[in-house]
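Taking it in order: structure first as structure tokens, then the write-up.
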Amino acid sequence: MDANLKEHQQQAPVPAPAPVAVQKAAANYKGFVAGVFSGIAKLSVGHPFDTIKVRLQTTDATRFSGPLQCVTQTIRNEGILGLYKGASPPLVGWMFMDSVMLGSLTVYRRLLHDNLFNPPWHPLHDPAKPLPSHGHGLAGILAGMTVSFIAAPVEHVKARLQIQYAARKEERMYKGPIDCLKKVYTHHGIRGVYHGLGATILFRSFFFFWWGTYDVFSKWMKQYTQMSTPAINFWAGGLSAQVFWLTSYPSDVVKQRFMTDNLGGGLGDGVRRFPRWRDAAVAVYRENGAKGYWRGFLPCFLRAFPANAMALLVFEGVMRSLPG
């Protein structure tokens, strides 16, 4: 009987490996799931910095002389929760946005690798050859354009809530994110909700520098340091985010000015100043010169490292832990 059992075990068929398409689909899903956790980490660390940044970007120097005064006045007048004002839309939004952005980034990386930088029909095709750093940058641009269609309405609502300075809720135009979204849609339709989409796409085109340098920093640290993989994710994530903000910040100032401009009409918030985002860019320069494009940069730059370092640490950690 033992001989028969042994013969049966030897003849048992070996499970066939999963098709390549199935393996790739499994790898794709991980980016979308890990992005949810990245969004939560980013909001928890970064939103207070973001509130100060937006308030400095959308006011002149007569209201706040700098980030420190903005922080102290916000806490004094609105309490510590004032720093988390407008956090509800990005809590849901960043979970969704990071899921779409990082998930689509994973897909675009694979598509660019398999079809542009290392196609199977090329005589020098090498399956083990990694995507070059500028390929990661191009994937970043495509992911940025993709997520902009989700990010634009989320950031629009968030920015309008963040510039409500009244401590008492009854004195504010918008009671919360749902109320803001409802009022904007009622009076201006879907175009009003997507106010600032073009400026959002322009801003996120600078993802080229973020994801390109993330790959550069990661490769350099892996080759020249003894840091663990999570430590490399943390430091490369934080440093690449700072490179991104150094290159993209002026476009973010213009985006915020355009998004927080009065919409006019039945909304009753005043007369619109900027018909196009280019008009907002001209106004920033006219009011404060070139330095106007960098107003609020300090809290943004201070936020960039811890928020994105933690987000990338969480993202890469979840990616490694998920099956598939």
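Remember, predicted model here, so these are calculated numbers, not experimental data.
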Might you point out which heavy atoms bring [X] and [Y] nearest each other, and give the distance in Å?
{"X": "Ala152", "Y": "Met259", "value": "O-CE, 3.5 Å"}
{"X": "Ser133", "Y": "Val216", "value": "OG-CG2, 3.5 Å"}
{"X": "Arg55", "Y": "Gln164", "value": "NH2-O, 3.6 Å"}
{"X": "Gly237", "Y": "Tyr214", "value": "N-CE1, 3.5 Å"}
{"X": "Leu263", "Y": "Asp269", "value": "N-OD2, 2.9 Å"}
{"X": "Lys53", "Y": "Gly296", "value": "CG-O, 3.9 Å"}

Taking the side chain as everything from C-beta on, heavy atoms only, tell me whether [X] gets closer than 4.5 Å to [Y].
{"X": "Thr106", "Y": "Lys30", "value": "no"}
{"X": "Arg320", "Y": "Asn233", "value": "yes"}
{"X": "Asp279", "Y": "Arg273", "value": "no"}
{"X": "Pro177", "Y": "Cys180", "value": "no"}
{"X": "Thr58", "Y": "Thr260", "value": "yes"}
{"X": "Leu161", "Y": "Val157", "value": "yes"}
{"X": "Phe209", "Y": "Ser248", "value": "no"}
{"X": "Leu202", "Y": "Lys255", "value": "no"}

Checklist entry - Among pairs that include at least one residue of residues 184-209, which meet salt bridge (Lys or Arg N to Asp or Glu O under 4.0 Å), considering only residues two or more places apart or in two chains? => result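 Matches after skipping sequence neighbours: Glu155-Arg204.
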Checklist entry - Does His134 have its ring centroid less than 6.0 Å away from the ring centroid of Phe208? => result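 His134 vs Phe208: aromatic centres not under 6.0 Å.
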Next on the checklist: Would you say the ring centers of Trp220 and Phe217 fall short of 6.0 Å from each other?
Outcome noted: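 No; Phe217 has its ring centre 6.0 Å or more from that of Trp220.
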Would you say [X] and [Y] are hydrophobically clustered, going by side-chain heavy atoms of ILVMFWY under 4.5 Å?
{"X": "Phe206", "Y": "Trp294", "value": "yes"}
{"X": "Met221", "Y": "Val243", "value": "yes"}
{"X": "Leu43", "Y": "Phe96", "value": "yes"}
{"X": "Phe274", "Y": "Val193", "value": "yes"}
{"X": "Ile163", "Y": "Val71", "value": "yes"}

Checklist entry - Which residues pass the salt bridge (Lys or Arg N to Asp or Glu O under 4.0 Å) test with Arg109, sequence neighbours left out? => result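 Scan of Arg109 (salt bridge (Lys or Arg N to Asp or Glu O under 4.0 Å), adjacent residues dropped) gives none.
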Next on the checklist: Taking the basic N atoms (NZ, or NE/NH1/NH2) and the acidic carboxylate oxygens, is any pair closer than 4.0 Å for Arg257 and Glu287?
Outcome noted: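 Salt bridge present between Arg257 and Glu287.
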Item to check | Note: Lys182-Asp179 ion pair, threshold 4.0 Å (strictly below) | outcome: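 Judged by the 4.0 Å cut-off on N to carboxylate O distance, Lys182 and Asp179 do not form a salt bridge.
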What residues form a ring-ring contact (aromatic ring centres under 6.0 Å, His included) with [X], not counting sequence neighbours?
{"X": "His136", "answer": "none"}
{"X": "Phe315", "answer": "none"}
{"X": "Trp235", "answer": "Phe305"}

Output the distance between atom [atom1] ([X]) and atom [atom2] ([Y]), rounded to the nearest 0.5 Å.
{"X": "Leu312", "Y": "Ile232", "atom1": "CG", "atom2": "CD1", "result": "13.0 Å"}
{"X": "Phe301", "Y": "Phe297", "atom1": "CZ", "atom2": "CZ", "result": "5.0 Å"}
{"X": "His195", "Y": "Asp261", "atom1": "NE2", "atom2": "CG", "result": "5.5 Å"}
{"X": "Tyr108", "Y": "Ile141", "atom1": "OH", "atom2": "CD1", "result": "12.0 Å"}

Next on the checklist: Show, in sequence, the C-alpha distance, side-chain angles and deciding distance for His156 and Tyr194, and conclude whether the side chain to side chain contact (heavy atoms under 4.5 Å, CB included) test is met.
Outcome noted: CA-CA 8 Å; His156 182 201; Tyr194 272 89; over 6 Å; no
Item to check | side chain to side chain contact (heavy atoms under 4.5 Å, CB included) between Thr213 and Leu239, worked out | outcome: CA-CA 8 Å; Thr213 58; Leu239 290 172; over 6 Å; no
Within 6.0 angstrom of [X] [atom1], more than 12 heavy atoms from elsewhere:
{"X": "Glu171", "atom1": "CD", "answer": "yes"}
{"X": "Leu116", "atom1": "CG", "answer": "yes"}
{"X": "Lys222", "atom1": "NZ", "answer": "no"}

Any side-chain donor near an acceptor of the partner, [X] and [Y], under 3.5 Å:
{"X": "Gln57", "Y": "Tyr293", "answer": "no"}
{"X": "Tyr165", "Y": "Thr74", "answer": "no"}
{"X": "Thr51", "Y": "Gln162", "answer": "yes"}

Item to check | Leu302: hydrophobic cluster co-members (side-chain, 4.5 Å) | outcome: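 Its cluster mates, by chain and number, are Phe49, Leu298.
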Next on the checklist: If you apply the rule side chain to side chain contact (heavy atoms under 4.5 Å, CB included), what do you find for Asp114 with Asn118, and how did you get there?
Outcome noted: CA-CA 5 Å; Asp114 294 349; Asn118 194 21; over 6 Å; no
Checklist entry - Of Trp277, Trp245, Trp210, which meets ring-ring contact (aromatic ring centres under 6.0 Å, His included) against Phe203? => result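 The ring-ring contact (aromatic ring centres under 6.0 Å, His included) with Phe203 is passed solely by Trp245 among Trp277, Trp245, Trp210.
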Next on the checklist: Does Val36 form a side chain to side chain contact (heavy atoms under 4.5 Å, CB included) with Asp98? I'd like the steps, not just the answer.
Outcome noted: CA-CA 6 Å; Val36 173; Asp98 271 26; over 6 Å; no
